[in-house]
Enquirer: 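What follows is a single structure, and I will ask about it in a moment.
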Amino acid sequence: MIAETYPMLNSQERKRRAAQAHSSAETLTSHDIVGVAVTWVDNSGIARVKSVPLAKLEHAAAWGIGATPAFDAFLIDDSIMSGRYAGSPVGDLRLHPDLSRLTLLAAQPGWAWAPADRYTQDGDVHPQCARTLARTMAERLRSKGLEAAMAFEVEWTVGRAGTDAFEPACSGPAYGMTRLVELSDYSRDVLIALAAEGVVVDQFHPEYGAGQLEVSVAAEDPVSAADTSVLVRETIRAVGMSHGLRTSFSPKVLTEGVGNGGHVHVSLRRDGSSVMSGGEGQFGLTDEASSFTAGVLARLPALLAVGCPTTASYLRLIPSHWAGAFVCWGRENREAAVRLVTGAVGSDSWAANVEVKCFDTAANPYLVVAGVLAAGLAGIEEGAELPAPVDVNPASLDETTRARRGIAALPSSLSEAADRFEADPVLTAAFGTELAATIVDVRRAEVALTVDMSPEEVVRLTRWRH
Ligand code: GLU
Ligand code: MG
């Protein structure tokens with residue numbers, strides 16, 4: 001299923017990549033770059049890295065960097081599960097940096113970064129490469145004449161360094177200017193670093209939770225949006241270190257209060273024009289946008305295995321915490337799992353988009369991109385129709401009313417989400433037998449790892465992992 005359109009690494013392609021690296025290396029040298037960090041994100045949502053000194057970049061571009069396929073089986077605590085298609089100590093993969101995204105890391109002088117695609121030693125894409133899957137799904141959409149633009153919001157929590165406990169690095173109120181004053185130099189440095197890296201920041205603000213902040217960025221093509229999410233997070237982490245701060249992207253840093261969401265926005269265009277507005281559907285959605293959104297909504301319980309990938313995710317995903325714990329949609333409804341953002345009157349032709357709110361920052365953004373696009377595509381193919389929108393907090397309705405209006409609660413545990421994903425023929429086919437099985441195996445292994453833990457223990461296990 002995967003890699004319908006991705007180039008096989010034949011000798012011509014290797015030569016092209018080596019030449020690209022050669023010319024990039026000259027620019028990197030002029031910026032005193034010493035090493036290039038090449039990242040991929042594992043199924044537990046952790047960005048893993050191999051790096052090469054600059055002198056080896058050309059070789060890495062042509063021949064890749066060796067990495068064990070066992071990384072597919074890594075759990076949140078770095079233990080390695082034994083799955084149906086992952087976890088064996090045998091075999092090797094090649095990480096190929098995508099140099100079109102090569103970026104100087106502004107908060108790590110001497111370092112550049114590039115995201116990796118993972119190939120087999122035979123030069124085929126690895127069937128469990130999440131980044132390639134995201135690209136494949138974007139291509140499938142394109143083959144229907146549709147371009148998706150996506151963006152990940154990043155929420156995070158800053159604590160004081162030097163402790164595994166969480167001591168918020170600021171004490172001002174939620175959304176309070178006090179927090180920006182307390183963290184003025186740090187916040188400035190985050191904005192400077194992201195701008196230097198070419199990340200277009202739309203907004204930066206203190207969030208609701210203790211020590212919580214948020215950055216939202218401009219929409220891009222789906223794979224770039226996932227890459228940006230990795231870059232933004234690692235940049236924030238690096239800036240924090242230089243200010244004596246510790247950064248957490250865990251869904252839940254404390255058992256109490258709101259968690260860190262990883263909301264994802266998506267909009268579609270056909271022939272250069274948005275299909276998110278100007279249509280005959282509800283709130284001006286076109287049929288195509290309605291069906292895409294309906295497809296995502298219908299598969300959200302299964303998509304949670306991707307978007308809410310860890311036991312702590314389900315401590316965050318609770319009603320009345322703006323996490324979108326119910327399968328419903330609504331215009332500007334922050335308690336709906338899918339929020340339609342129409343923008344200010346007059347801006348809908350470029351601003352309208354759909355936001356999936358239930359996902360969190362532990363998710364592998366490439367898998368999120370792939371899952372959302374696969375579900376939306378299925379919605380278009382099936383001609384799916386949206387249910388009635390919801391314009392209240394679903395938690396304020398009694399259970400009978402919710403049942404009558406067809407508003408179901410999302411899965412409340414990782415194990416339920418894994419079961420739903422496994423039972424979804426569309427998503428498992430899109431992800432391919434091996435990756436779909438590995439996602440289920442990793443989730444079930446984490447369930448086994450955390451089954452006897454209290455919420456406090458789960459939060460402690462997860463707090464500094466993402
Ligand atoms: N922190 C909330 C979450 O867990 C989201 C707050 C907001 O709507 O931005 O997703
Ligand atoms: Mg937010």
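Numbering of ligands and ligand atoms starts at 1, following listing order.
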Enquirer: Note the single closest protein heavy atom to atom 9 (O) of ligand 1, along with its residue, its atom name and the distance in Å.
Expert: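 Protein heavy atom at minimum distance: Glu207 OE2, 2.9 Å.
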
Enquirer: Regarding Asp78 and Arg465, does a basic nitrogen lie under 4.0 Å from an acidic carboxylate oxygen?
Expert: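 Here Asp78 pairs with Arg465 in a salt bridge, since their nearest N and O are under 4.0 Å apart.
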
Enquirer: Would you say Trp322 touches ligand 1, if touching means a heavy atom closer than 4.0 Å?
Expert: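 In this structure, Trp322 qualifies as a contact of ligand 1 - some heavy atom is under 4.0 Å.
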
Enquirer: With the Mg ion (ligand 2) as the point of reference, which N/O/S atom of Glu214 is the closest?
Expert: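 Relative to the Mg ion (ligand 2), the closest nitrogen, oxygen or sulfur of Glu214 carries the name OE1.
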
Enquirer: Within the 4.0 Å heavy-atom shell around Gly261, which atoms of ligand 1 are there?
Expert: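 Here the atoms of ligand 1 in question are 3 (C), 4 (O), 10 (O).
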
Enquirer: Can Arg48 be said to sit on top of Trp40's aromatic six-ring, NZ or CZ under 6.0 Å from centre and within 45° of the ring axis?
Expert: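 Judged by the rule, Arg48 and Trp40 form no cation-pi pair.
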
Enquirer: What about Gly259: any of its N or O atoms under 3.5 Å from an N or O on ligand 1?
Expert: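 Between Gly259 and ligand 1 (N or O atoms, distance only) the closest approach is under 3.5 Å.
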
Enquirer: Run the numbers for me: atoms of ligand 1, each under 4.0 Å from some heavy atom of His263, listed by number.
Expert: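 That gives atoms 3 (C), 5 (C), 7 (C), 8 (O), 9 (O), 10 (O) of ligand 1.
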
Enquirer: To the nearest 10°, what's the angle at the Mg ion (ligand 2) between atoms OE2 (Glu207) and OE2 (Glu155)?
Expert: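 The angle at the Mg ion (ligand 2) comes to 100°, rounded to the nearest 10°.
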
Enquirer: More than 12 heavy atoms of other residues, nucleotides or ligands under 6.0 Å from CZ of Phe283: is that the case?
Expert: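 Yes, CZ of Phe283 has more than 12 neighbouring heavy atoms, counting only those of other groups under 6.0 Å.
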
Enquirer: Please name the residue in the list Thr157, Asp164, Thr163 that meets the side-chain hydrogen bond (donor to acceptor under 3.5 Å, both in side chains) test with Arg246.
Expert: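 Exactly one pass, corresponding to Asp164.
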
Enquirer: Is there a donor-acceptor pair under 3.5 Å between the side chain of Arg237 and the backbone N or O of His466?
Expert: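 Checking the backbone N and O of His466 against the side chain of Arg237, a donor-acceptor pair under 3.5 Å is found.
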
Enquirer: Which ligand 1 atoms, with their elements, are less than 4.0 angstrom from a heavy-atom of Glu214?
Expert: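 Atoms satisfying the 4.0 Å criterion: 9 (O).
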
Enquirer: In terms of side-chain heavy atoms, does Asn260 have a donor or acceptor partner in Ser250 at a distance below 3.5 Å?
Expert: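 There is no such pair (donor and acceptor under 3.5 Å, judged by atom type) between the side chains of Asn260 and Ser250.
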
Enquirer: Within the 3.5 Å criterion, strictly below it, is a donor on Ser273 or Asp271 matched to an acceptor on the partner's side chain?
Expert: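 Judged by distance alone, the side chains do not pair up.
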
Enquirer: Which of these, Lys357, Arg316, Glu155, has its nearest heavy atom closest to atom 10 (O) of ligand 1?
Expert: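 Selected option, by shortest heavy-atom distance: Arg316.
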
